[in-house]
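Below you'll find the structure, written out as structure tokens, and then a few comments.
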Amino acid sequence: MIRLYDSARGSVVPLDPRDEGAVSIYLCGPTVYDLPHLGHGRHALVWDTLRRWLTFGGLAVRFVSNVTDIDDKIIARADAEHVGEDEITATYEAAWWDALDALGVARPDATPHATAYVDQMIALIERLLALDVAYECEDGIYFDVSRVADYGLLAGQPLESLRAGARVESNPDKRSPLDFALWKNAKFAEPSWSSPFGSGRPGWHTECVVMSLGLLGDDFDLHCGGLDLKFPHHENERAQAVALGRPFARHWAHHGWVMVGGEKMSKSLHNFTSLTDLLAQTDARAYRLLVLRSHYRSPIEVSPATVADAERALARLDALARRFALPALAGEGLEVASGVVWGDEGLALYETVEAAMEDDLDTPSAVAALFEAATRANALADEGATARATELAAALNACCGALGLRLIGDESALDAETLRLVTRRDQARAQREWAVADRYRDDLVARGWVVEDGPGGTVVRRA
RNA sequence: GGCGGCGUGGCCGAGUGGUUAGGCAGGGGCCUGCAAAGCCCCGUACUCCGGUUCGAAUCCGGACGCCGCCUCCA
């Protein structure tokens, strides 16, 4: 079984699923009030990789990721643009899925929306009130963090220490600055739901408890998300479950940030690049490769230079796919290892990749093994060991597919004019009329093709 | 103030007590009509200062620098 760094334990431990052969994962999804940025892209890619890998290994993965569609920022944006909240959430949720589809991120098995779970959230808050773990203030209902004995588990700090660092609290009614809103009473012209404790809307930390436990059940396996959600969001989710006496996530995993110029990319720092913009000018697979080349818990620096570097590295793998006519994998469905015929060379590669992946999702090592295999497959083919080379190349492709990395080897269909130039060039070369052949090559290059001489004559691919 | 992380060759980025990470870029060679793709070879890195050790980029102590969480945030 895969070993993962568990944020609650502070160490790498084997994943210990509740049900044998199955893994239940909850991923905190986006608040849809703006275009997704590169950090969201990494978030989606990292956990898509984990999901794909576990699935590849034969586990039945149930992957749930929510969409937060009621929130202060959504309301603020709707106000600023003089449109309804519905319009904001519809626009940006569509942008979210468009971007993830482009990245080749598989859709979750379920994508619960907060607004569809308000009734359950109200019920949860009522129970917390009944247990006296929640209390009422002028502006809403708050959770009393002092009622959870091990509050601070995920933060890695005891309650007192957290309290000492808390900033000046604007709400004097709260018993502790760390207490968080379960329910916010309705203000003028805000979306609201009626409840036993008045009209209002749920606080952010409640939705994920209700939806994760509701869809995956008590004691589900893995709760993951960005490092910035560890505290207070995940801490607070957990606090509610603990207060209710319900076993929550068995494991916690968090990924690191996308950095820009040495600083965390974030909306509040205004240093973000939208994923939508990146994907408009870059091969999405290059971003996936860039993400895979660093460890998920490390920060990654994303810049035009690092993206270009990844694009060139990807070109090397695509060239291999072209040479061995490998089929494009990692499409709509998730790949499964049991369907792969490895062969000796391939099995050695798979075992190397597997060892890396099972060691806390060590994708950099896995990718290194893939590149080494690419060199070896090419070398074998150069030596004439065609069968072994082909077998290794196929295994490499299967491993890439397992990581969600789609290699593209087949050439795009050629238009008539391109086909004509290719034929003319081959004729000229057959007659050793090099100057003429070179002129046709120049024409092809001018039309956006890269020209290579293969065993069967001119081969072109898009530049 | 509390807690945590990081500092690796031109760049990106792993690793972790002794043997090549990997990629990109660069140099040399092979192949090619010339290219492209591919293969082979090359740089010999680990912030600084002490310490432990036969041996440290890797462990310990200290210094310096950087980043993050403690507030919304992937």
Side-chain angles (χ1 to χ4, degrees), chain A residues 10 27-31 36-47 71-73 76 152 154-158 160-170 177-178 180 204 224-233 235 254-259 262-269 272 275 289-290 293-295 297-303 305-320 322-323 356 362-372 374-383 429 432-435 437-438 441 445 450-454 458-461:
Chain A
L27 170 63
C28 277
T31 299
H37 61 60
L38 299 185
H40 295 105
R42 185 185 196 192
H43 147 104
L45 288 168
V46 163
W47 303 116
D71 173 85
D72 291 353
K73 288 179 175 165
L154 286 169
Q157 289 192 79
E160 281 316 309
S161 164
L162 285 166
R163 185 173 288 164
R167 301 184 189 184
V168 179
E169 178 54 50
S170 56
L178 296 170
F180 57 91
W204 177 42
C224 44
L227 205 45
D228 42 5
L229 295 188
K230 190 161 80 157
F231 188 91
H233 183 55
E235 188 80 53
H254 296 92
H255 67 270
W257 294 290
V258 167
M259 309 292 282
E263 282 192 316
K264 176 187 172 189
M265 174 175 288
S266 76
K267 291 288 176 67
S268 47
L269 291 175
F272 64 93
L275 194 52
L289 182 57
L290 180 59
R293 288 206 302 185
S294 71
H295 188 82
R297 288 192 281 126
S298 300
I300 51 171
E301 183 74 28
V302 178
S303 67
T306 62
V307 171
D309 185 283
E311 283 185 306
R312 286 189 293 262
L314 178 65
R316 180 167 153 75
L317 296 178
D318 278 346
L320 184 98
R322 212 179 315 125
R323 178 173 192 176
D362 185 1
T363 55
S365 291
V367 169
L370 294 175
F371 275 93
E372 284 176 342
T375 299
R376 179 161 170 73
N378 277 316
L380 284 168
D382 287 352
E383 291 163 15
R429 290 190 69 226
R432 308 183 66 81
E433 290 174 7
W434 308 127
D438 287 351
R441 175 164 60 198
V445 169
V450 172
V451 180
E452 291 180 19
D453 293 342
T458 297
V459 175
V460 296
R461 67 174 199 275

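The analysis underlying the following values was restricted to heavy atoms, covering all of them including side chains, and did not include hydrogens, waters or symmetry mates. Chain letters run A, B, ... following the sequence lines, proteins first, then strands; residues in each count from 1.
Residues A:Leu380 and A:Asn378 fail the side-chain proximity criterion, which asks for heavy atoms closer than 4.5 Å. With a 4.5 Å cut-off on side-chain heavy atoms, A:His254 and A:Asp228 do not count as touching. A 4.5 Å side-chain heavy-atom check between A:Gln157 and A:Phe231 finds every atom pair outside the cut-off. By the 4.5 Å heavy-atom criterion applied to side chains, A:Phe371 and A:Leu317 are counted as neighbours. The shortest side-chain heavy-atom distance between A:Leu227 and A:Leu229 does not fall under the 4.5 Å cut-off.
Atom CZ in A:Arg376 sits about 16 Å away from atom C1' in B:U20, given to the nearest Å. We find that CZ of A:Arg322 is positioned 8 Å from P of B:G38, with the value rounded to whole Å. Between the CG atom of A:Asp438 and the C1' atom of B:U32 there is a distance of 12 Å, rounded to whole Å. The distance between atom CZ of A:Arg163 and atom P of B:G1, rounded to the nearest whole Å, is 21 Å. B:C31 atom C1' lies 13 Å from atom CG of A:Asn378, rounded to whole Å. Between A:Phe231 atom CZ and B:A74 atom P there is a gap of 17 Å when expressed in whole angstrom units. Whole-Å rounding puts the A:Leu370 CG to B:G13 P distance at 19 Å. Rounded to an integer number of Å, the gap from A:His254 NE2 to B:G4 C1' is 14 Å.
Here A:Lys73 lies in heavy-atom contact (under 4.0 Å) with a base. Within the 4.0 angstrom heavy-atom criterion, only backbone atoms of the sugar-phosphate kind lie near A:Thr375; the bases stay farther away. Contacts of A:Gly226 with the nucleic acid, taken as non-hydrogen atoms under 4.0 Å apart, involve only primed sugar atoms and P, OP1 or OP2. As judged by a 4.0 angstrom heavy-atom cut-off over every strand, A:Glu160 is placed among residues making no nucleic acid contact. Heavy atoms of A:Val46 sit nowhere under 4.0 angstrom from any nucleic acid atom.
When each of B:G22, B:A14, B:C3 is scored by its nearest atom to the side-chain atoms of A:Gln157, the top-ranked nucleotide is B:C3. If you check B:A21, B:C70, B:C39 against the side chain of A:Leu162, the one that comes closest is B:C70. Side-chain atoms of A:His255 lie closest to B:A74 of the nucleotides B:A74, B:G13, B:C70. In the set B:C12, B:G33, B:C67, B:C67 carries the atom at the smallest distance from any side-chain atom of A:Met259. Side-chain proximity of A:Asp309 to the nucleotides B:A74, B:C11, B:A35 is greatest for B:C11. Closest to the A:Trp257 side chain, of the nucleotides B:A37, B:C67, B:A74, is B:A74. The side chain of A:Glu301 has B:C12 as its nearest neighbour among B:C12, B:A74, B:C39. The listed nucleotides are B:G13, B:C34, B:C72; the one nearest the side chain of A:Pro232 is B:C72. Closest approach to the A:Arg429 side chain among B:G13, B:A74, B:G33 is made by B:G33 (side chain taken as heavy atoms from C-beta onward). The A:Arg312 side chain lies nearest to B:A25 when the options are B:A36, B:A25, B:C39.
On the P atoms, B:G43 is 15 Å away from B:G23, given to the nearest whole Å. Nucleotides B:G33 and B:U20, compared at atom C1', are 37 Å apart to the nearest Å. For the C1' atoms, the distance linking B:G17 with B:C54 amounts to 12 Å, nearest Å. Here, B:U44 and B:A21 have their C1' atoms 14 Å apart, quoted to the whole Å. Annotation: B:C67 and B:G27 have their P atoms spaced 35 Å apart (nearest Å). Comparing B:A63 with B:G68, their P atoms are spaced 22 Å from each other, to the whole Å. Straight-line distance between the P atoms of B:U47 and B:U8: roughly 6 Å, to the nearest whole Å. One P atom belongs to B:C46, the other to B:C59, and the distance between them is 16 Å to the nearest Å.
Contact annotation: A:Arg316 side-chain N/O to B:G38 OP1/OP2 distance is under 4.0 Å. Contact check, A:Lys264 against B:C69: a side-chain N or O comes under 4.0 Å of OP1 or OP2. Distances shorter than 4.0 Å separate some side-chain N or O of A:Ser298 from OP1 or OP2 on B:A14. The phosphate of B:C24 has neither OP1 nor OP2 within less than 4.0 Å of any side-chain N or O from A:Thr306.
Minimum interatomic distance between A:Leu162 and A:Gly152 (heavy atoms only, all atoms of both residues): CD1-CA, 3.9 Å.
Look at B:C66: its Watson-Crick or wobble partner, with both distances under 3.5 angstrom, is B:G5. Here B:C24 sits opposite B:G10 as a Watson-Crick or G-U wobble pair (both hydrogen-bonding atom distances under 3.5 Å). Under the Watson-Crick or G-U wobble criterion, with both distances below 3.5 Å, B:G38 is paired with B:C30. Of all nucleotides present, only B:G51 satisfies the Watson-Crick or G-U wobble test against B:C59, with each distance under 3.5 Å.
Between A:His40 and A:His37, the ring-plane angle classifies as tilted under the 30° and 60° cut-offs.
The base of B:A35 lies close enough to the side chain of A:Asp453 for a donor and an acceptor atom to sit less than 3.5 Å apart. Side chain A:Asp228 to base B:C70: no donor-acceptor pair is found below 3.5 Å. Below the 3.5 angstrom threshold, one finds a donor paired with an acceptor across the side chain of A:Arg441 and the base of B:A35.
In terms of position on RNA chain B, the residue among A:Ala305 and A:Ala435 whose nearest nucleotide sits closer to the 5' end is A:Ala305. Between A:Asp362 and A:Arg42, it is A:Asp362 whose nearest contact on RNA chain B lies nearer the 5' terminus.
The aromatic ring of A:Phe371 does not stack onto the base of B:G22, failing the criterion of a centre distance under 5.5 Å from the six-membered base ring together with planes under 30° apart.
Side chains of A:Arg293 and A:Thr306: no donor on one and acceptor on the other come within 3.5 Å.
Using a distance-only test at 3.5 Å, with no hydrogens or angles considered, no donor-acceptor pair links the side chain of A:Arg441 to the main chain of A:Val451.
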